[in-house]
Amino acid sequence: MRRHVVLGREAQLRTDKIPNCSAGMWSQGLLKFRYKPYLLRQQAVHRMEIDGKSAGSLVEDAVVWANQHGLVVALKDSRFINPDFAVIHAPLSLMPVPYPRGRFELAQQVMPLFNGLVDAVAADEAYLEGTLGPAALYDTFTGRLLKTLQATRAARAALREAGREVVLGVHRSDYMLDEPSGKFLQVELNTIASSFGCLSALMTRLHLYMASRLPFLEPSRLPANPTLEHIPDAIAAAANAVGFREEGGVVVMVVQPGERNAYDQQWIQLGLWERHRLRTVRMTLGDIAATAKLDEAGGGTVTLQTGEPVCVFYFRAGYTPTDYPSEAEWAARKLIEQSNAAKCPTVAYQLAGTKKIQQDLARPGVLEKFIRDDRDAALLREFFAGLWSLDPKDVATDPGVAAAVADAISRPEAYVLKPQREGGGNNLYGEELRDTLKAGGERLSAYILMQRILPPANRSVLVRNGQWSESETLSELGIYGTFVRHGNNLLLNEQSGHLVRTKTSTSNEGGVAAGFAVLDSPYLLD
Ligand code: ADP
Ligand code: MG
């Protein structure tokens with residue numbers, strides 16, 4: 001049986017612009033896709049038709065390929081003797097998702113500018129404190145990070161003066177293609193624990209394998225995805241700047257206990273070893289508090305129980321309050337912050353990636369304080385969605401803010417309400433958003449209001465736990481950026497690959513780890 005794809009928003013279809021395609025182009029045996037290029041405000045997008053019956057054998061091959069090539073997550077099934085070593089393929093999309101090439105390449109090109117923006121914002125601690133202060137009054141986690149920033153200021157200044165400041169950024173800027181405007185609008189800019197980089201590179205390889213099997217998929221339309229090389233190379237560059245070549249040492253990957261996504265992280269560890277002979281030690285903040293020693297008098301070197309110095313602390317934890325169950329974890333964070341190791345991220349980088357800062361940068365003139373070149377600033381602004389402060393002072397004094405709040409109360413479906421949280425599942429939508437805005441009050445200082453981005457709907461085959469289903473879907477693109485600076489010496493600043501996450505169009509949230517989305521990859525159309 002052929003399951004016909006329901007085309008959303010038919011009104012947008014400009015039939016006069018559809019090129020003629022011979023029927024023979026589309027019949028490909030196993031799985032039938034029909035790409036219908038059409039113009040959507042200059043954006044070419046695909047729709048497809050899937051022969052439901054025959055997708056099964058392709059799914060089976062994709063799952064086997066994923067298991068064979070390490071595109072896996074831990075199963076955490078207690079029936080296994082050691083659940084950590086039982087794995088299953090990562091949730092994935094069988095076919096890549098169409099994106100307009102021009103917009104995609106622009107998002108890649110601006111990534112070094114976003115890296116530079118984070119570095120500039122993080123360096124302006126007065127700005128961070130001033131902007132986050134009101135939110136911190138009602139958000140104790142942000143408040144605690146600000147306190148750590150203040151408590152470590154002297155140690156960090158001493159390190160900088162001694163020419164030993166090494167900064168490492170591994171960022172991911174997330175976007176959705178906004179159908180009404182045709183632009184990629186930024187969802188958020190992640191500066192801590194940007195995950196799935198390595199599994200995403202494997203996802204690209206899986207789709208290249210699919211393209212080798214299915215002649216109507218052109219491999220040249222799947223862009224290169226160098227995360228497996230770039231992320232370890234950036235960490236190694238920071239380790240070398242700290243002194244790994246001369247003095248040895250290890251990378252500490254700061255992890256959550258019982259991490260299910262450890263295989264994505266292990267790919268970085270393998271890259272660090274195979275490409276740079278750099279060893280990684282996985283530790284929780286609790287482990288660090290219990291065993292690591294900071295030599296304050298001797299220039300801030302942290303040593304582990306083994307006596308090895310730490311060159312880099314790379315965080316895949318520490319972004320959510322539950323990562324700090326006791327004072328010990330905060331003590332570990334402070335110790336790391338005072339150390340002469342490179343931290344990915346520093347507390348300042350983490351704060352620069354908060355949603356409140358994202359909102360504040362979008363205010364007229366603020367971004368421009370950090371990005372001096374007018375054209376660069378204008379280019380970045382092309383990616384900004386509508387963002388509004390909910391600080392009662394701003395609502396009272398800024399007519400634009402008041403109008404947005406009133407509009408959100410009457411049309412909540414056009415907005416998203418976000419607290420200062422990372423990791424998925426925290427945003428408010430619909431009735432909850434309306435009720436929270438109506439209740440008002442000072443505590444709203446810890447939230448921001450954001451324009452809802454409206455991505456075009458696609459049709460995807462989603463594969464989870466070896467089972468597939470066909471759904472109407474929305475996709476989110478992430479571009480990775482790596483950045484290394486030693487004092488005033490910029491060692492690295494580049495675009496380092498991408499991630500696409502696809503979710504059913506009925507789901508508000510989009511995290512893969514949180515179970516909302518699957519891994520995907522972009523298929524570029526001109
Ligand atoms: P988190 O730090 O929890 O990842 P995000 O800002 O990325 O927070 O929001 C989580 C998810 O919510 C996103 O992956 C996306 O699917 C959805 N989302 C967030 N902001 C918007 C928006 N402005 N428009 C539409 N969807 C959004
Ligand atoms: Mg996110």
Side-chain angles (χ1 to χ4, degrees), residues 91 93 97 114 135 139 141-142 145 170-181 183-197 200 261 315-323 345 350-359 361-362 383-388 390 404 407-408 411-430 432-433 446-458 460 462 471-480 498-520:
S93 167
V97 60
F114 274 121
D139 185 88
F141 183 62
T142 307
L145 287 171
V170 177
H171 304 140
R172 197 187 70 223
S173 182
D174 289 339
Y175 308 93
M176 280 174 157
L177 188 62
D178 181 54
E179 196 168 35
S181 65
K183 295 178 182 178
F184 272 122
L185 296 182
Q186 189 176 51
V187 174
E188 64 163 343
L189 176 49
N190 299 283
T191 57
I192 180 165
S194 303
S195 62
F196 286 111
S200 180
N261 195 24
F315 283 80
R316 292 295 288 260
Y319 51 85
T320 164
T322 51
D323 289 339
Q350 183 171 354
L351 290 169
T354 54
K355 288 161 177 103
K356 182 66 199 171
I357 295 292
Q358 178 190 11
Q359 172 265 308
L361 287 169
F383 292 89
F384 285 10
L387 287 152
W388 298 274
L390 290 173
D407 191 44
R411 296 189 308 133
E413 68 283 359
Y415 295 85
V416 182
L417 184 58
K418 298 190 177 186
Q420 305 306 302
R421 281 288 167 278
E422 300 293 327
N426 302 300
N427 300 336
L428 302 181
Y429 301 87
E432 251 187 315
L433 176 151
Y447 287 78
I448 62 159
L449 184 64
M450 186 170 184
Q451 164 197 350
R452 180 142 194 178
I453 308 166
L454 300 170
N458 286 298
S460 306
L462 309 178
S471 309
E472 192 181 66
T473 56
L474 307 178
S475 294
E476 183 169 344
L477 169 73
I479 302 284
Y480 294 92
H498 56 264
L499 164 75
V500 173
R501 289 169 296 173
T502 291
K503 61 178 182 177
T504 52
S505 48
T506 48
S507 160
N508 282 325
E509 292 281 330
V512 176
F516 300 114
V518 304
L519 298 176
D520 206 338

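Nothing fancy with the numbering, it's 1 onward along the sequence. In this text the structure is predicted, and so the values were computed from the model without any measurement. Note that ligands are numbered from 1 as they come in the structure, with each ligand's atoms numbered from 1 the same way. Reckoned from all heavy atoms, side chains included, excluding hydrogens, waters and symmetry mates.
- Within ligand 1, counting atoms from 1 as listed, the ones closer than 4.0 Å to a heavy atom of Y429 are 12 (O), 17 (C), 18 (N).
- Residue K503 has at least one nitrogen or oxygen atom sitting less than 3.5 Å from a nitrogen or oxygen atom of ligand 1, judged on distance alone.
- Closest non-hydrogen pair, S475 versus M176, comes out as O-CG, 3.8 Å.
- Considering both main-chain and side-chain atoms, N190 never comes within under 3.5 Å of ligand 1 through any nitrogen or oxygen pair.
- Closest to atom 11 (C) of ligand 1 among all protein heavy atoms lies E509 OE1, 3.4 Å.
- Under 4.0 Å from ligand 1, the heavy atoms of M176 that appear belong solely to its side chain.
- Heavy-atom contacts of K355 reach the following atoms of ligand 1: 1 (P), 2 (O), 6 (O), 8 (O) (cutoff under 4.0 Å).
- For atom 9 (O) of ligand 1, the nearest non-hydrogen atom of the protein is N427 ND2, 2.9 Å.
- Residue contacts with ligand 1 include G423, since one or more of its heavy atoms lies under 4.0 Å from the ligand.
- No side-chain donor-acceptor contact under 3.5 Å links Q420 to the backbone of T354.
- Listed by number with element, the atoms of ligand 1 under 4.0 Å from a non-hydrogen atom of K418 are 5 (P), 6 (O), 19 (C), 20 (N).
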Intermediate values then yes/no, side chain to side chain donor-acceptor pair (under 3.5 Å), D407 and Y415: CA-CA 9 Å; D407 191 44; Y415 295 85; 2.5 Å; yes

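- A heavy-atom distance below 4.5 Å is found between the side chains of Y175 and I479.
- Residues R452 and M450 fail the side-chain proximity criterion, which asks for heavy atoms closer than 4.5 Å.
- For the 3.5 Å distance criterion, the side chains of D178 and S181 qualify, holding a donor opposite an acceptor.
- Residue L454 places no heavy atom under 4.0 Å from ligand 1.
- Closest protein heavy atom to atom 24 (N) of ligand 1: I453 N, 2.9 Å.
- Panel note: side chain Y480, backbone V170; no donor-acceptor pair is recorded below 3.5 Å.
- At the top of the distance list for atom 23 (N) of ligand 1, counting protein heavy atoms only, stands Q451 O, 2.9 Å.
- Protein heavy atom at the shortest distance from atom 3 (O) of ligand 1 is G424 N, 2.6 Å.
- Looking from atom 13 (C) of ligand 1 to the surrounding protein, the closest heavy atom is E476 OE1, 3.3 Å.
- Listed by atom number, the atoms of ligand 1 under 4.0 Å from R421 heavy atoms are 2 (O).
- Numbered from 1 in the order shown, with element, the atoms of ligand 1 that lie under 4.0 Å from a heavy atom of N508 read 12 (O), 16 (O), 17 (C).
- A salt bridge links K355 and E422; the closest N-O separation between the charged side-chain nitrogens and carboxylate oxygens is under 4.0 Å.
- Between T473 and S505, the closest side-chain pair of non-hydrogen atoms is not below 4.5 Å.
- When distances from the Mg ion (ligand 2) to the N, O or S atoms of E188 are compared, OE2 comes out shortest.
- Using a 4.5 Å heavy-atom cutoff, the side chains of R501 and L499 are in contact.
- Here Y319 contributes atom OH and S194 contributes atom OG; the two are 10.5 Å apart, rounded to the nearest 0.5 Å.
- Exactly one residue among T320, D139, N427, N426 makes a side-chain hydrogen bond (donor to acceptor under 3.5 Å, both in side chains) with R421. That residue is D139.
- Counting atoms of ligand 1 from 1 in the listed order, those under 4.0 Å from a heavy atom of M450 are 23 (N).
- Listed by atom number, the atoms of ligand 1 under 4.0 Å from V416 heavy atoms are 21 (C), 22 (C), 23 (N), 24 (N).
- Protein heavy atom in closest approach to atom 4 (O) of ligand 1: E188 OE2, 2.9 Å.
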